[in-house]
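First up is the structure itself, then whatever we jot down about it.
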Amino acid sequence: MSEAVERIVVVGGGSAGWLAAGVIAAGHQSGAPGAAQVTVVESPDVRTIGVGEGTWPSMRDTLRRIGVSETEFIRDCDASFKQGSKFVGWVTGGNDDQYFHPFALPQGYTEADLVAQWQAGHADIPFADLVSYQPHLCRLGRAPKQIATPEFAAVANYAYHLDAGKFGEFLREHCTTRLGVRHVVDHVTGIVPSDSGDIAALETKGHGRIEGDLFVDCTGFASLLLGGHYQVPFVSRQDVLFNDSALAVQVPYADERSPIESQTIGTAQDCGWIWDIGLPTRRGIGHVYSSAHTTDEQAEQSLRRYVAATAGAAAAAAMSPRKLGFRPGHRAEFWHRNCVAVGIAAGFIEPLEASALALIELSAAMISDQLPATRGEMDLVARRFNESFAYRWERIVDFLKLHYVLTCRRGSDYWRDNCEPATIPERLRELLVYWRHHPPSRYDLPRVDEIFPSASYQYVLYGMGFRPQSSVCARLPGDAERAEGFFRESAALTRRLLAGLPENRVLLEQIGRHGMQRI
Ligand SMILES: Cc1cc2nc3c(=O)[nH]c(=O)nc-3n(C[C@H](O)[C@H](O)[C@H](O)COP(=O)(O)OP(=O)(O)OC[C@H]3O[C@@H](n4cnc5c(N)ncnc54)[C@H](O)[C@@H]3O)c2cc1C
């Protein structure tokens with residue numbers, strides 16, 4: 001093995017493999033003389049997971065970073081705009097039970113104690129509705145920009161819903177034709193270690209040995225290199241987050257003019273929840289549930305009822321769901337020797353806040369930004385990577401659990417068990433006590449690159465019905481007036497945006513016909 005890190009071999013051609021390859025190749029001019037060479041080895045025998053349709057606003061940066069045209073991406077990946085999530089039925093399960101977790105930060109966030117003033121003067125209004133324009137845009141199915149807004153620029157902060165299969169093909173085409181990524185379609189049958197214990201090469205069915213200096217394990221649930229070869233232990237998080245199964249279906253719209261929702265809808269069920277994602281040509285719907293609390297048959301009944309209620313009896317009768325099982329959790333470390341795992345090979349936890357693709361983007365960016373020049377530098381980078389992602393997994397587990405622990409639903413063991421103190425991470429338990437008198441803030445989430453900002457905790461906490469008791473936070477003179485000013489600003493912004501932004505389908509059709517301006 002050469003001392004310089006020049007040959008980067010990505011194993012796996014799912015979203016993780018192609019995003020990692022694209023970000024590293026774009027950052028290091030893969031294939032250019034003297035530059036690192038990125039190779040993707042993808043099995044023709046093992047299909048990609050084929051789900052994963054909700055993203056975060058970070059995806060805009062990632063696509064821009066690898067030089068994609070947003071117009072082409074939207075056209076080719078059947079993509080639509082996502083402005084956050086709407087949670088239905090999580091608090092009581094009653095008819096009016098819903099709240100938003102929008103992507104936009106509250107108006108005036110950190111500049112006044114919005115929470116104290118919300119409670120003092122507007123407690124009858126949902127927190128997100130008072131401080132953000134975005135729930136209002138979502139309710140009316142509005143797009144986050146206009147046709148004249150340049151590619152990747154936002155009027156309202158946004159991410160995408162996309163077709164996972166088409167996204168993989170789109171990334172493969174872009175990586176191989178524009179970013180100099182070498183593509184080998186072959187099944188990896190073995191791993192060849194060097195004397196040092198590093199991986200020297202992969203053994204393949206048809207291409208012999210493929211040597212490398214750094215191996216990126218993107219083999220999904222197989223975790224062939226990190227889990228299989230290195231036997232890095234798997235850390236189960238099922239004691240906190242019970243869901244381990246999903247049933248996924250694709251449902252047609254009633255007609256081609258049907259509105260496209262602006263947010264992912266997550267609807268609570270007796271033993272899990274159902275995601276509903278609107279793409280331009282169809283909806284992606286799936287039931288995530290806990291096999292310890294229900295059976296596949298019961299889960300399918302719940303899914304069928306949901307589809308019947310939202311798309312009609314014919315759609316429900318026609319559906320044939322695909323079952324996916326998973327172990328919620330992650331590896332004990334993510335970068336071991338000269339192997340780093342990205343995507344499901346590193347870990348997977350239910351897609352409640354669509355954090356998987358975001359973690360892939362963060363992993364790919366860190367590998368590319370800190371790519372060791374030599375093997376000698378690699379252990380330092382690996383330590384940093386492991387520390388950073390161990391922290392991120394902890395925060396993801398905390399944040400997802402926050403969606404469950406405040407529920408008043410008591411109709412099934414699933415919801416009762418979710419509220420058992422023993423299933424709640426200690427740090428989250430402590431914060432829930434602290435948040436009785438203080439809103440979530442940067443002091444609770446001190447890192448500059450926190451995976452979820454404190455605003456997200458506020459949206460979910462107060463959306464779930466948590467009400468702070470009288471705040472003991474120091475309030476500066478004039479704080480109440482400042483907060484009122486931000487509420488007025490938010491209302492004015494809402495009116496302006498509602499007057500100027502088209503519906504999702506209208507904008508997507510315009511993009512299809514004319515494209516957006518490239519910056
Ligand atoms: C039910 C469900 C819903 C989800 N929803 C979301 C969501 O809304 N948002 C989100 O961000 N994420 C979501 N995810 C997660 C998301 O789907 C994945 O994180 C993403 O698709 C990345 O998958 P991957 O590339 O790691 O693995 P895969 O897509 O499984 O790809 C694995 C690759 O490894 C290759 N491979 C395997 N073995 C070998 C071998 N021996 N030799 C060579 N190649 C091999 C395969 O051929 C394949 O190309 C969801 C996941 C599930 C299960």
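Side-chain atoms are counted along with the backbone in the values below, which use heavy atoms only and exclude waters and symmetry mates. All values reported here derive from a predicted model rather than from experimental measurement. Whatever order the structure lists them in is the order used to number ligands and atoms, beginning at 1. We're numbering straight along the sequence, starting at 1.
Of all the atoms in ligand 1, the ones that sit under 4.0 Å from a non-hydrogen atom of Asp186 are 43 (C). Atoms of ligand 1 found under 4.0 Å from any heavy atom of Ala246, numbered from 1 in the order shown, are 1 (C). Numbered from 1 in the order shown, with element, the atoms of ligand 1 that lie under 4.0 Å from a heavy atom of Pro351 read 3 (C), 4 (C), 5 (N), 6 (C). Residue Thr48 approaches ligand 1 through these ligand atoms, each under 4.0 Å from one of its heavy atoms: 29 (O), 48 (C), 49 (O). Ligand-side atoms of ligand 1 in range of Ala354: 9 (N), 11 (O), range being under 4.0 angstrom from any heavy atom. When each atom of ligand 1 is checked for a heavy atom of Glu53 under 4.0 Å away, the hits are 7 (C), 8 (O). Listed by number with element, the atoms of ligand 1 under 4.0 angstrom from any heavy atom of Gly343 are 26 (O). Distances below 4.0 Å separate heavy atoms of Leu224 from the following atoms of ligand 1: 40 (C), 41 (N).
Note on ring orientation: taking the six-membered ring where Trp is involved, the planes of Phe334 and His330 are tilted (angle from 30° to 60°).
Within the structure, ligand 1 lacks Thr264 among the residues with a heavy atom less than 4.0 angstrom away. Ser15 counts as a contact of ligand 1, since one of its heavy atoms falls under 4.0 Å from the ligand. Heavy atoms of Phe221 stay at 4.0 angstrom or farther from ligand 1. Proximity of Leu359 to ligand 1 is not established, as no heavy-atom distance is less than 4.0 Å. Ligand 1 has Phe348 within reach: a non-hydrogen atom of the residue lies less than 4.0 Å from it.
Polar contact check, Ser43 against ligand 1: a nitrogen or oxygen pair lies under 3.5 Å apart. On a distance-only criterion, Val51 and ligand 1 share at least one N/O pair closer than 3.5 Å. Of the polar atoms of Ala16, at least one N or O is found under 3.5 Å from an N or O of ligand 1, judged by distance alone. Residue Ala358 has no N or O atom closer than 3.5 Å to an N or O atom of ligand 1. For Ile49, a nitrogen or oxygen atom sits less than 3.5 Å from a nitrogen or oxygen atom of ligand 1, counting backbone and side chain alike.
Atom 47 (O) of ligand 1 has Val46 O, 2.6 Å as its closest protein atom, hydrogens excluded (heavy atom only). Protein heavy atom closest to atom 27 (O) of ligand 1, with residue, atom name and distance, is Gly220 CA, 3.6 Å. Looking at atom 19 (O) of ligand 1, its nearest protein heavy atom turns out to be Ala356 CB, 3.4 Å. Of all protein heavy atoms, the one lying nearest to atom 9 (N) of ligand 1 is Gly54 O, 2.8 Å. Closest protein heavy atom to atom 35 (C) of ligand 1: Gly12 CA, 3.7 Å. Looking only at protein heavy atoms, the nearest one to atom 18 (C) of ligand 1 is Ile344 CD1, 3.7 Å. Looking from atom 22 (C) of ligand 1 to the surrounding protein, the closest heavy atom is Ile360 CD1, 3.7 Å. Residue, atom and distance of the protein heavy atom nearest to atom 6 (C) of ligand 1 are Gly52 CA, 3.2 Å.
If you check each of Leu19, Val185, Thr219, Leu202 against atom 34 (O) of ligand 1, the one with the closest non-hydrogen atom is Thr219. Closest heavy-atom approach to atom 33 (C) of ligand 1 among the candidates Cys218, Gly50, Gly17: Cys218.
Ring to ring, Tyr404 and Trp273 are not that close: their centroids are 6.0 angstrom or more apart. Centroid-to-centroid, the aromatic rings of Trp415 and His293 stay 6.0 Å apart or farther. For Phe73 and Tyr160, the ring centers sit closer than 6.0 Å to each other. Aromatic ring centroids of Tyr158 and Phe103 lie 6.0 Å or more apart. The distance between the ring centers of His287 and Tyr306 does not fall below 6.0 angstrom.
When only modelled atom types and interatomic distance are considered, Arg375 and Ser196 share no side-chain donor-acceptor pair under 3.5 Å. Ser412 and Asp270 form no side-chain donor-acceptor contact under 3.5 Å, judged by distance and modelled atom types alone. Residues Tyr391 and Glu450 have side chains that bring a donor and an acceptor to within less than 3.5 angstrom of each other. At a cut-off of 3.5 Å, with distance as the only test, no side-chain donor of Lys205 or Ser43 sits close to an acceptor on the other residue.
The minimum heavy-atom distance between Pro328 and Leu241, with the atom names listed, is CG-O, 3.6 Å. Nearest heavy atom pair, residue Pro280 against residue Leu508, reads CG-CD1, 4.1 Å. Heavy-atom minimum distance, Glu353 versus His101: OE2-ND1, 3.0 Å.
Cation-pi geometry between Lys86 and Tyr459 is not met at under 6.0 angstrom from the ring centre and within 45 degrees of the axis.
In this view, Cys339 and Ile199, Asp217, Leu225, Leu226, Tyr230 satisfy the side chain to side chain contact (heavy atoms under 4.5 Å, CB included) rule, not counting sequence neighbours.
A distance of 10.0 Å separates OG1 of Thr267 from CZ of Phe87, quoted to the nearest 0.5 Å.
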